[in-house]
Amino acid sequence: MSFSILGTGSALPATIITNDDLSRIVDTSDEWIRSRTGIGQRRVCTTETITDLAYQAAVAALENSGCRAEELNLIICATMTADDATPSMACLLQQRLGAVCAAFDINAACTGFLYAMDIAAAYFSRKPDYKILIVGADAMSKAVDWQDRSTCVLFGDGAGAAVLGAGNDLLAIEIGANGNRSPLYAPAMAGNCPFRNDVKQSLYLVMDGQEVFRFAVTAMAQTIDRVLQKAGLAKESLTWILPHQANIRIIDAAIHRMKLPGEICLTNIEQYGNTSAACVAILLDESNRSGKFKKGDLLALTAFGGGLTTGACILRWNK
Ligand code: ACO
């Protein structure tokens with residue numbers, strides 16, 4: 001027993017920030033951002049909170065699944081930018097949705113949605129009749145330094161969600177981490193304890209772009225290969241790959257390494273940039289709603305992120 005996807009949803013902030021808008025804030029250009037990353041614009045929270053977006057994505061996923069919030073047995077939110085450290089985003093959602101169930105957040109940075117799927121799969125092995133809401137939501141606009149052109153151009157805000165129910169459509173999943181902080185970290189609450197003496201850290205996300213780039217290409221190719229092996233499938237049997245949307249050059253290089261045709265890869269990085277834990281979830285919802293998936297399609301989802309975390313899975317589309 002694994003699970004089936006019963007419905008998906010996503011939500012984005014209303015405000016669009018183009019590359020040209022950014023070139024008025026930092027020393028950059030549309031040409032540099034597009035050619036180095038594939039990003040044309042991103043959405044940024046102005047009046048919405050990230051919990052608002054997670055809620056809208058959850059409502060859309062529930063509607064798409066035909067499930068009522070009261071039927072949910074568990075809510076898992078993947079985020080590194082929740083509005084509060086406590087209550088968790090999942091608890092805030094639980095109340096707003098009117099669900100009566102356990103709710104908790106997890107943080108695996110951009111890999112969070114895959115981690116949430118893996119945790120959900122473990123629940124289904126104990127509780128096959130559960131209905132679980134998983135959400136990937138991040139407002140990276142709160143984490144980056146808007147004076148730092150090497151990071152602020154890469155990210156956007158958004159949320160994606162899926163309702164999972166009884167079924168056998170998760171064919172294989174694998175998550176991992178190497179614990180390496182230096183390529184990418186973002187500070188947590190510093191507090192104002194008068195007894196601490198340590199060196200002041202950056203207030204914003206810090207990233208060694210080239211190191212993350214090298215890690216990501218290898219991770220994407222290797223994780224897909226491993227879940228294919230676990231599922232006993234050849235790469236040629238995949239219908240679609242839904243990769244983390246960090247940089248189009250990472251995606252292209254990994255697809256080239258896997259000797260797969262570029263058309264197999266779904267992307268929306270041009271419109272949204274890297275929305276961290278929401279990337280794969282938004283892509284899943286948009287492809288579901290646009291009718292891209294046919295019953296029986298085999299999807300590979302893959303992500304990497306701070307941690308450094310990795311995750312991939314093979315899903316049979318059965319909706
Ligand atoms: N506009 C103009 N110039 C820029 C910009 C910018 N926005 N950003 C950097 N540059 C400059 C640099 O200062 C450098 O200038 P220099 O040569 O005078 O020193 C030059 O461009 C080249 O910089 P590089 O870092 O070598 O550029 P690169 O081609 O490696 O691209 C990038 C940088 C886009 C960050 C790339 O390395 C990348 O995408 N890395 C992966 C990032 C990623 O995947 N992050 C995901 C995080 S996942 C999570 O969990 C949050």
Side-chain angles (χ1 to χ4, degrees), residues 3 5-13 43 45 48-65 67-124 130-140 142 156-165 170 173 175 242 244-245 272 274-289 301 303 305 309 311 313 315:
F3 59 71
I5 294 197
L6 306 183
T8 64
S10 58
L12 291 146
R43 304 290 189 96
C45 287
E48 318 86 339
T49 66
I50 190 61
T51 309
D52 294 336
L53 296 184
Y55 172 72
Q56 289 165 24
V59 168
L62 283 165
E63 273 169 18
N64 189 242
S65 72
C67 265
R68 286 174 295 110
E70 307 84 80
E71 292 176 71
L72 291 173
N73 301 100
L74 183 66
I75 299 174
I76 307 171
C77 286
T79 185
M80 56 175 273
T81 53
D83 288 316
D84 299 312
T86 193
S88 67
M89 178 188 282
C91 286
L92 296 173
L93 274 194
Q94 187 247 29
Q95 191 194 51
R96 277 170 79 169
L97 291 168
V100 186
C101 61
F104 59 87
D105 287 0
I106 57 153
N107 175 357
C110 301
T111 319
F113 197 67
L114 270 301
Y115 268 64
M117 278 191 171
D118 190 57
I119 295 164
Y123 270 94
F124 280 108
Y130 259 29
K131 289 202 168 53
I132 302 182
L133 171 69
I134 59 170
V135 178
D138 268 312
M140 295 302 286
K142 295 195 286 190
D157 303 341
V163 178
L164 313 178
L170 179 74
I173 188 161
I175 56 173
L242 286 76
H244 179 47
Q245 307 288 296
Y272 307 135
N274 180 350
T275 55
S276 187
C279 273
V280 174
I282 295 172
L283 202 52
L284 188 71
D285 179 52
E286 289 192 337
S287 310
N288 172 26
R289 284 168 194 268
L301 278 52
T309 54
C313 74
L315 269 176

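Note: hydrogens, waters and symmetry copies are ignored here, and every other heavy atom, side chains too, is used. The structure displayed is predicted, hence computed values, not measured ones.
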Fill in: Aromatic ring pairing Tyr123/Tyr130, orientation class (parallel under 30°, perpendicular over 60°, tilted between)
parallel

Can a donor-acceptor pair be found, under 3.5 Å and without considering hydrogens, that links the side chain of [X] to the backbone of [Y]?
{"X": "Ser10", "Y": "Ile282", "result": "no"}
{"X": "Arg289", "Y": "Thr8", "result": "yes"}
{"X": "Asp52", "Y": "Thr49", "result": "yes"}
{"X": "Ser88", "Y": "Cys91", "result": "yes"}
{"X": "Asp105", "Y": "Met89", "result": "yes"}
{"X": "Glu48", "Y": "Cys45", "result": "no"}
{"X": "Thr309", "Y": "Ala108", "result": "yes"}

Discussion item. Please list all pairs meeting salt bridge (charged side-chain N to carboxylate O under 4.0 Å, His left out) that have one or both residues in residues 75-92, counting only residues at least two apart or in different chains.
Written reply: Asp83-Lys142

Contact between [X] and [Y] at the side-chain level, heavy atoms closer than 4.5 Å - yes or no?
{"X": "Phe104", "Y": "Leu74", "answer": "yes"}
{"X": "Leu170", "Y": "Leu164", "answer": "no"}
{"X": "Leu284", "Y": "Ile5", "answer": "yes"}
{"X": "Phe3", "Y": "Leu315", "answer": "yes"}
{"X": "Thr51", "Y": "Arg96", "answer": "yes"}

Worksheet item: Among side-chain atoms of Asp138 and Thr275, is any donor-acceptor pair under 3.5 angstrom?
Response: no

Response to the item:
Value for SG (Cys279) from CG (Leu242), rounded to nearest 0.5 Å, stands at 11.0 Å

